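All values derive from a computational prediction rather than experimental measurement. Numbers restart at 1 for each chain; the letters A, B, ... are given by sequence-line order, proteins then strands. Basis for what follows: all heavy atoms, side chains included, without hydrogens, waters or symmetry-related copies.
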Amino acid sequence: MKKISVMTALVAMMFASGCAHMINVTPPANTISPEGITKVDKTVGYYISKEQRALLVTSKGGGGDKVTYHPYAELEPTLNQVLSNLYTKVVPLAAINDKAELESKQIAYVFAPVITTTSKSSSALTWPPTNFTVTIACTAANGSGANVWNKTITGTGDAVFEDFKHDFSLAARRASKDAFNQLQKEIVSAPALK
Amino acid sequence: MMSLRDIRRCIFAVCALSLALSAQAGDTYKVKEVPYVEPQAPGPDETLIYVLREKSSFAALQKFAIIDNDTVVGVLKPGNFTYITVPSAQHEIVGYVSPSPLVHYRVMPSQGKTLYLLIKVGYTTGLFMEPIDEAQAKTLIAAFQKTDIEIKGKKAKMNYKDYYDRLFQ
């Protein structure tokens, strides 16, 4: 009986139509591994504006439904984690180019990501996305404000019913995991960011 | 001629009705609401984890078993919370409604820290577990009811840490 009730709950949630459903795009922290990385002994900052943190994105789900999420707010911990894997100290900054703050905190580089996403579903009957992409266009400036690096990477995530029934946000989280692992690799291999 | 959307609405209505009728108040773990006593601060090699379930009417009759890796540590109804103190390590905290886990969160090693996880269970507001800050957690804890289970240490069907590792490989 219990099994029936849960399956109906699941099915009811996934078949519910005409709505925007909230998902969460944060990948599990253990999927961004620091393994094999030697930290650079520098302090770095990152800048995400108030408006970016508050941004609520709505994109396609399955069966004509939509999904909503806060890409910057939900991916900020992952950006912080990636930078903490690479540098000895990471500081969130209130402004992108406040020279006094950069000097006082001895910030070597300031990272500024622009995050965009897409989603879709191959299912006509369930709303969780089956395909998701996360694109990060990231720039890094030095302590004087000069741009020293930029890169755009795209992570992709797919999920089928058998998997996403245990995590409705799965495709999105897989895409975020892919994107931030790529970002980590790109920063590690950038001579300008040593 | 019914559109696909109409068909989905019918399926949803049938499922919702069936959910209401079949919801069980099973008490496998002998859960009870208890007065909240603030736990001791975690030791230097420990992590204190609070798990709260938001108060929402969606699936309100469904209890969530809270599992730490492979062990059932609590049961939550809407507006309930529980806490556990664990050795500092990776822990997969899972919200499980038989026969499947529905929400999960990977706690990373956090020596001496207290973490607060909120299970969101909503029709449009989501079904996932996310960390919340202490201020928000304290407000909810003051309004929510602590629960405890009599049958402790019962093993889950599997180790969900391994399970979610595989899901994200």
I'd like a table of donor-acceptor pairs (distance under 3.5 Å, sequence neighbours excluded) in which one partner is a side-chain atom from residues 32-45 of chain B, with atom names and distances.
{"residue": "Glu33(B)", "atom": "OE2", "partner": "Asn80(B)", "partner atom": "ND2", "Å": "3.3"}
{"residue": "Tyr36(B)", "atom": "OH", "partner": "Tyr50(B)", "partner atom": "OH", "Å": "2.5"}

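- Considering all non-hydrogen atoms of both residues, Asn24(A) and Glu130(B) come closest at ND2-OE1, 3.4 Å.
- Heavy atoms of Gln169(B) lying under 4.5 Å from chain A belong exclusively to its backbone.
- In the displayed structure, Lys77(B) atom NZ is contacted under 6.0 Å by at most 12 heavy atoms of other residues, nucleotides or ligands.
- More than 12 heavy atoms of other residues, nucleotides or ligands lie within 6.0 Å of NZ in Lys152(B), so this atom counts as buried by the packing criterion.
- Ranked by heavy-atom pairs under 4.5 Å with chain A, the list Val94(B), Leu167(B), Val103(B) is led by Leu167(B).
- Follow the hydrophobic side-chain contacts under 4.5 Å out from Phe81(B) and you never reach Leu115(B); the two are in separate clusters.
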CA sep, side-chain torsions, deciding dist, call: His104(B), Asp167(A), side-chain contact (heavy atoms from CB on, under 4.5 Å): CA-CA 8 Å; His104(B) 68 107; Asp167(A) 184 344; 2.7 Å; yes
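- For an aromatic pair to be called close, the ring centres must be under 6.0 Å apart, and His166(A) with Tyr164(B) fails this.
- Contacts between residues 87-102 of chain A and chain B, defined by a heavy-atom separation under 4.5 Å, are made by no residue at all.
- Under the 4.5 Å side-chain heavy-atom criterion for ILVMFWY residues, no single connected hydrophobic cluster contains both Phe144(B) and Tyr105(B).
- Looking at every heavy atom in both residues, Cys19(A) comes nearest to Thr124(B) through CB-CG2, 3.8 Å.
- The structure places CG of Leu127(B) at 12.5 Å from CD1 of Ile23(A), a figure rounded to the nearest 0.5 Å.
- Neither the backbone nor the side chain of Tyr96(B) comes within less than 4.5 Å of any heavy atom of chain A.
- For residues 170-180 of chain A, heavy-atom neighbours of chain B at less than 4.5 Å comprise Leu170(A), Arg173(A), Arg174(A), Lys177(A), sorted by residue number.
- For a heavy-atom cut-off of 4.5 Å, chain B lies close to Asn30(A), Thr31(A) in residues 30-59 of chain A.
- Hydrophobic clustering, with ILVMFWY side chains joined whenever heavy atoms are under 4.5 angstrom apart, keeps Ile132(B) apart from Ile66(B).
- Expressed to the nearest 0.5 Å, how far OG of Ser169(A) lies from CE of Met129(B) amounts to 12.5 Å.
- Only the side chain of Phe128(B) comes within contact range of chain A, with heavy atoms under 4.5 Å apart.
- Clustering ILVMFWY residues whenever any of their side-chain heavy atoms sit less than 4.5 angstrom apart, transitively, puts Leu83(A) in the very cluster that holds Trp149(A).
- Note: the hydrophobic cluster containing Tyr72(A) also contains Leu75(A) (ILVMFWY, side chain heavy atoms under 4.5 Å, direct or indirect links).
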